[in-house]
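Written below as structure tokens is the structure these notes are about.
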Amino acid sequence: MTRALTSFNGGLRAYYFALAAIGWFVHPALSILATTVMLAVLMLRQHGSRAARSIKQLADTLEGDKAPPR
């Protein structure tokens with residue numbers, strides 16, 4: 001399941017950056033701008049979403065459970 005999700009996410013990112021690359025046909029500066037915007041959107045979705053915060057909180061909780069006893 002992990003490999004499938006990793007491939008799926010990689011495919012989605014490829015589509016996003018392919019849309020940004022279409023800007024190259026109009027003007028190189030548009031391609032740079034579109035790529036920067038896509039990167040910002042992907043970073044926001046990867047790290048700023050409610051789901052990402054929930055997963056991070058769960059991971060932090062689980063790591064806290066693994067702490068050696070004092």
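Computed from a predicted structure; not experimentally measured. Along the sequence shown, residues are numbered consecutively beginning with 1.
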Would you mind writing out the side-chain donor-acceptor pairs for residues 15-23 within the sub-3.5 Å range, not counting sequence neighbours?
from, atom 1, to, atom 2, distance (Å)
Tyr16, OH, Arg45, NH1, 2.6

### Query
Which pairs count as side-chain hydrogen bond (donor to acceptor under 3.5 Å, both in side chains) when at least one residue sits in residues 46-55, sequence neighbours excluded?
Arg13-Gln46
Side chains of residues 28-35: which donor-acceptor partners sit under 3.5 Å, not counting sequence neighbours?
from, atom 1, to, atom 2, distance (Å)
Thr35, OG1, Ser31, O, 2.8

